[in-house]
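In the text below, chain A, chain B and the rest are named by the order of the sequence lines, each starting its count at 1. Just so you know, these numbers use all the heavy atoms, side chains as well, and skip hydrogens, waters and symmetry mates.
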Amino acid sequence: MKKRYYIDKIADYVGREVTIQGWLYNIRTSGKLMFPQLRDGTGIIQGVVSQKEVTEQVWEDFKKLTQESSIIVTGTVSKHPKKDEFELQVKDIKIIQIAEPYPITPKDHGVEFLADHRHLWVRSPKQVAILKVREEIIKACRDYMYENGFTLFDSPIFTPNAAEGTTTLFSTDYFDLGKVYLAQTGQLYAEAGAMALGKVYDFGPTFRAERSKTRRHLNEFWMIEPEMAFYDLYDDMDLIEDFIVYIVERVLKNRSKELAILERDISKLEAVKKPFPRITYDEAVDIINKKNVPLIRKKADGSEEEIRPFPWGEDFGAPHEEAVVEDYDRPVMVYNWPSEAKAFYMKRDPDNPKVVRGVDVLAPEGYGEIVGGSEREDDLELLSSRIKEHNLPMEAFEWYLDLRRFGSVPHSGFGMGIERVVSWICKLDHLREAIPFPRLMYRNRP
RNA sequence: UCCGAAGUAGCUCAGUUGGUUAGAGCAUCUGACUGUUAAUCAGAGGGUCGUAGGUUCAAGUCCUACCUUCGGAGCCA
């Protein structure tokens, strides 16, 4: 195989001649010296071009370069005289292409402009750092699953019916079989997998046609959904906690360089240790009421009313999550939710049928829900009556009910949104930077 | 879908109570500089002021509609 050199490994070649293939990130000139910044996807290195050390041709070639021109540069690796890094004493250059004037400059840009140029924006150092952290998080998820006896059990993306709500699905035509929907979760299929393989997970893109326009929502996002036979809610919470700690530790260990580029406060991540606080929905409502945070509800005439105390049974909004989380330095697990606020498949607490054995994990620093999980209803009669209560088409769930007919066992699982975790760990302003090409309500390009 | 905000040079923005030739920084181009770090300095080019209509002697500025985008809410991961 051809010998290739990359900037992130350049320290191994001090004093030796190497060839770097990449793009010009920036160039500064100072009389008979030029300082091109060369990037290759693994990092950025400064080149030093001295007019008296190179041929006339090389000097003229460097003068022609524009930002993002593609080049192959040969030179000797040396220590930077002022900084604790390496630079390249340039000897030769081969120009692959002189780039047209590049729209993204090292100066500030607005959100819309950057979003329109997402295909170029991903070249910027911060975006590269985020994508590296994303990769580490995904790899950590898969490694954790592999090391702990889970089997990958991917679910279909075309699904014939809705797993949760029905209003928030994208649909498309499927030959002569009518409409199919893009999966908003693979959970029901993962449950079938858990009955076959014990512990499984699916991992893939999911789609929600919610007309939501906030920094915490994408219409296409990636989710990992583990599902475990013979796990109750408490086993589920133990696993979630262990899993999240593992992921954060992996990023701290392997992506410290990227976190530094993102100016992330590492101490906030180092605090993410076991055990996570576990509070019931009722206790969370107490905290909300103690802080006097109202529920804001729209009235028929369009005006808003503030309701205090917080009415039992309502789901939390962003201000309520914030009130619950702000006293802690690590993710908070809120469990035992009112059944009316949650999906049909969640198991009712036998001691209190008004609540279900579900858990939401709220990330620190205002990042909201990163994990939602539950023990699943394993009783055939209860499950089918809940399907009816939710007005879901029974025939579409016959296969799912089979799982309760043929060796039903207690089981649990959860789903974790990858972009929300990336966003939290990188402390991003918006989910759109946590995925290469975000799909938002008002943006489906590039 | 609802509430709020914004559209002026390639980009980020300024533009006064409506007033005569629409400004700056960056980017681009030309030049100076042998250690630059968002380099600096000198010069040049670059505009359908989102679109359409209206008020006025006069509209980037005021009014109406539309378009686009941004922020938030609800829903959720």
Which value, in whole Å, describes the distance between the [atom1] atoms of nucleotides [N] and [M]?
N: B/C13; M: B/C49; atom1: C1'; result: 13 Å
N: B/G46; M: B/A32; atom1: P; result: 24 Å
N: B/C62; M: B/G18; atom1: C1'; result: 8 Å
N: B/U20; M: B/U61; atom1: P; result: 14 Å
N: B/G50; M: B/U8; atom1: C1'; result: 10 Å
N: B/U12; M: B/U36; atom1: P; result: 31 Å
N: B/C75; M: B/A65; atom1: C1'; result: 32 Å
N: B/C63; M: B/U56; atom1: P; result: 16 Å

N-O pairing of [X] and [Y] below 4.0 Å:
X: A/Glu322; Y: A/Arg216; result: no
X: A/Asp329; Y: A/Lys273; result: no
X: A/Asp236; Y: A/Arg376; result: no
X: A/Asp8; Y: A/Lys257; result: no
X: A/Arg250; Y: A/Glu147; result: no
X: A/Glu136; Y: A/Arg255; result: yes
X: A/Glu17; Y: A/Lys91; result: yes

Would you jot down, in residue-number order, the residues of residues 128-145 of chain A having a non-hydrogen atom under 4.0 Å from RNA chain B?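 Those residues: none at all.
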Does anything in residues 312-327 of chain A come within less than 4.0 Å of RNA chain B? Heavy atoms only, and list the residues if so.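 Under 4.0 Å from RNA chain B: A/Asp315, A/Gly317, A/Ala318, A/Glu321.
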Give me the atom names and distance for the closest heavy-atom approach of A/Ala129 to A/Leu262.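 Heavy atoms only, the tightest pair is CB-CG, 4.0 Å.
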[N] [atom2] sits how many Å from [X] [atom1], rounded?
X: A/Asp116; N: B/G10; atom1: CG; atom2: P; value: 15 Å
X: A/His217; N: B/G72; atom1: NE2; atom2: P; value: 11 Å
X: A/Phe207; N: B/C76; atom1: CZ; atom2: C1'; value: 16 Å
X: A/Phe113; N: B/C26; atom1: CZ; atom2: C1'; value: 12 Å
X: A/Glu306; N: B/A73; atom1: CD; atom2: C1'; value: 13 Å
X: A/Glu225; N: B/A77; atom1: CD; atom2: P; value: 9 Å
X: A/Arg208; N: B/C75; atom1: CZ; atom2: P; value: 14 Å
X: A/Gln187; N: B/C76; atom1: CD; atom2: P; value: 14 Å

Is RNA chain B part of any stem, that is, at least 3 consecutive Watson-Crick or G-U pairs with both distances under 3.5 Å, and where?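 Counting only runs of 3 or more consecutive pairs, the stems involving RNA chain B are B:1-7 with B:67-73, B:10-13 with B:23-26, B:28-32 with B:40-44, B:50-54 with B:62-66.
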Base of B/C11, side chain of A/His109 - is there a donor-acceptor contact under 3.5 Å?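 By the distance-only test, no, there is no pair.
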Donor-acceptor pair present, A/Arg420 side chain and B/C76 base, under 3.5 Å: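 Such a pair is found, so the answer is yes.
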pair A/Asp202-A/Tyr189: side-chain heavy atoms closer than 4.5 Å: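 Counting from C-beta outward, A/Asp202 and A/Tyr189 never come under 4.5 Å.
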Just by modelled atom types, is the A/Asn148 backbone N or O under 3.5 Å from a matching donor or acceptor in the A/Lys199 side chain?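 Such a contact is found between A/Lys199 side chain and A/Asn148 backbone.
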With [X] via salt bridge (charged side-chain N to carboxylate O under 4.0 Å, His left out) - residues at least two apart:
X: A/Asp232; answer: none
X: A/Lys274; answer: A/Asp242
X: A/Arg39; answer: A/Glu68

Quick one: side chain to side chain contact (heavy atoms under 4.5 Å, CB included) partners of A/Asn336, sequence neighbours excluded?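 Expected list: A/Leu233, A/Asp349, A/Val355, A/Arg357.
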As a quick check of understanding, evaluate side-chain contact (heavy atoms from CB on, under 4.5 Å) for A/Asp238 and A/Tyr231, giving each step before the final call. CA-CA 10 Å; A/Asp238 289 345; A/Tyr231 269 51; over 6 Å; no
Of the nucleotides B/U1, B/A77, B/A27, which one has an atom closest to the side chain of A/Thr105?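 Given the options B/U1, B/A77, B/A27, the side chain of A/Thr105 is closest to B/A27.
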Taking N or O atoms only and anything under 3.5 Å, show me the protein contacts with nucleotides 67-71 of chain B, one pair per line.
{"from": "B/U69", "atom 1": "OP1", "to": "A/Tyr442", "atom 2": "O", "distance (Å)": "3.1"}
{"from": "B/U69", "atom 1": "O2'", "to": "A/Glu112", "atom 2": "OE1", "distance (Å)": "3.3"}
{"from": "B/G71", "atom 1": "OP1", "to": "A/Arg432", "atom 2": "NH1", "distance (Å)": "3.3"}
{"from": "B/G71", "atom 1": "OP1", "to": "A/Arg432", "atom 2": "NH2", "distance (Å)": "2.6"}
{"from": "B/G71", "atom 1": "O3'", "to": "A/Arg215", "atom 2": "NH2", "distance (Å)": "3.4"}
{"from": "B/G71", "atom 1": "N7", "to": "A/Lys213", "atom 2": "NZ", "distance (Å)": "3.3"}

Could you tell me whether [X] contacts a base, only the sugar-phosphate backbone, or nothing, with contacts defined as non-hydrogen atoms closer than 4.0 Å?
X: A/Met416; answer: nothing
X: A/Ile104; answer: nothing
X: A/Val421; answer: nothing

Residues in ring-ring contact (aromatic ring centres under 6.0 Å, His included) with [X], at least two apart?
X: A/His117; answer: A/Phe113
X: A/Tyr246; answer: A/Tyr144
X: A/His320; answer: A/Phe310

Quick one, give me the B/S/- string for nucleotides 28-38 of chain B, reading 5' to 3', where B means a protein heavy atom under 4.0 Å from the base and S means that only happens at the primed atoms, P, OP1 or OP2. -----BBBBBB
